[in-house]
Amino acid sequence: MTPDPTPLADIGALEQELESLRGLLYVAPVGLIHCELPSGRVALMNAEVMKRVAPLVLAWDGDSVFDLFREILPDLRVAVELSQDKSNLVFENRRVFLDARQGSDRPVWLSVTARRTGPDGLLLALTDVTAEVERELELRRASAWIGALVHATGAHMTCIMDARGVITQWTPYAERLTGFGAADMVGKPYSVLFGPREHGAHDPSGERLNRAANAGWDLDDGLLARKNQAPVYASTIVTAHDMSSDHAAFALVARDMSGNQEAIEKLRSSTVRDQLTGTYNRAFFFLEGEAQAIRCKASQMHLSIILVDLDNFKTINDRYGHVVGDQVLRHASAVLRRQLRGDAFLARIGGEEFTVLVPDCSPQEARSIAERLRRSLEEEACALPDGPRAVTASFGIASRRAPESLEVCLQAADRALYQAKHLGRNRVCLADGDEARAQGN
Amino acid sequence: MLEFNAPRSSLLETLPENHDSAGFGVIGIDGAARVRVYNHFEARLAGLSVERTLGKHLFEEVAPCMNNFMVAQRFVDAEELDEQIDFVFTLKMAPRRVRLRLLASTCSPLRFILVQPQ
């Protein structure tokens, strides 16, 4: 039985309705993309998408949303696969960052929600949250401060340091919290409070004194050493106590936050990690990288960025499919992670692109780290369907003392990476100028 | 017959009156970005009617996909403009590649965006 043909008058009404719906979707301030699964083929997309990510749309070859967002949401496909059979919500309000490297005229933060619309449909909603993120960045330090003051905490302690950070007064509270007595601590640099560091690991204690001297205080959280006991998770504030006094210039207040550690870590890992490789994600890289760049600028330190791009990854993906491609990414990120010092910051910022951010690290140190990473990728074979084979990478480094911005460093590292690719891959290149500095020293 | 690649001066002269014979989309806006010319080719392409579009703010009410540094900003930045760019429209909610030609001149009260589907 065929349905009755729609009367002509109704067709006119339907056309009007369609046009007003279309008009609404054109101007809706939310980007909407509907695509098919598993292919990711984009079936519908509204104007706001073009407004927000025009450079990505213009550079897009193919018709799949996974290709479209390859750079800014490299783990989208994995997230969709992981959510299968669990929930229609793939993720909600994931922060995504794009800038000049994606052809954008200014830094843009998007919030992306991905939801399945059935077994073979996926809806993505994008909103521009740049203004909110910028406000949050300003508030972050301030709110950490307030949080440390008002949250229920355990014991607290204070001690006094001289202008170089050597402990000059040790209080009974400090002894109660840490178990160390005045005899153990007076005369030692306050960095011992944070326990022994691995050889070569970065010691931020001098920087913290600089920030306290300049801004009045510096807040951080992490592990605090205790005598004959496991370290405790604590918030510490270094303040300018009496800058005119040589032996009581700074004070340190620490509060036992061990009850909050788990919640803090959990929140961190769910919003800052790449779902495929477990390294930090792109959004967190730009937040943290910006903060590091500001710190390095203020304290006249070097900021080194190492860009890592796996060689011939597209060929691997094309030949063996994306499941093997994903294995290769996991393998490579695990190899990189094993080779890095404790304070180095590894993030996946594109499909097969990683960055390593190393604070307080000279060009020659950055080069030796990159060289070590390159060698270990070359030496540790990855299991591919037709046998084990090394997956190599090309490295671009920029290392700047008191950098102008993260952006400037990234662009320089990107040019160096391009050069490394151009010279035949599986090699390390330094940005212009950094090469001379590395050799001159 | 009008040509997409015709010289700017002749297009700016002809388009205010003669746009419906064009084999490409023609959008004409005034200094406040209000739509003053919207030809039938473009209306069919976008699935919007000419009547509902005329008088509206192009970049805010009609085609926000062009409200970015690649299109709208160029009209703000330059009084004299004749540029072609590749672009993607989300006409009828599906991505579609087009070539745009942006035209502006101090001699003409209207600025034009020509749209050639690829």
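Naming: A, B, ... by sequence-line order, numbering from 1 per chain. The structure presented is a predicted model; accordingly, all values stated were derived computationally and were not measured.
The most heavy-atom pairs under 4.5 Å with chain B, out of A/Asp63, A/Leu18, A/Asn46, come from A/Asn46. Looking only at heavy-atom pairs under 4.5 Å with chain B, the residue among A/Ala54, A/Pro55, A/Ala47 that has the most is A/Ala47. Here B/Asn67 is the residue among B/Thr53, B/Ile85, B/Asn67, B/Asp86 with the most heavy-atom pairs under 4.5 Å with chain A.
The aromatic rings of B/Phe24 and B/Phe4 lie perpendicular to each other, with more than 60° between the two planes, well past the 30° mark.
In this structure, B/Phe69 places its CZ atom where more than 12 heavy-atom neighbours from other residues, nucleotides or ligands lie under 6.0 Å away.
For chain A, the nearby parts of B/Phe87 are the backbone and the side chain; heavy atoms of each come within less than 4.5 Å. For chain A, no part of B/Gln73 is nearby; none of its heavy atoms comes within less than 4.5 Å. If you measure heavy-atom distances from B/Ala72 to chain A, you find no contacts under 4.5 Å at all. Contacts of B/Val62 with chain A are made by backbone atoms alone, with heavy-atom separations under 4.5 Å and no side-chain atom involved.
Between A/Asp128 and A/Arg106 there is a salt bridge, since a side-chain N of the basic residue sits under 4.0 Å from a carboxylate O of the acidic one. Taking 4.0 Å as the cut-off between side-chain N and carboxylate O, B/Arg8 and B/Glu80 count as a salt-bridged pair.
For the pair A/Arg52 and A/Leu98, the minimum side-chain heavy-atom distance is 4.5 Å or more.
B/Glu61 places a side-chain N or O within donor-acceptor distance of the main-chain N or O of B/His57, the cut-off being under 3.5 Å.
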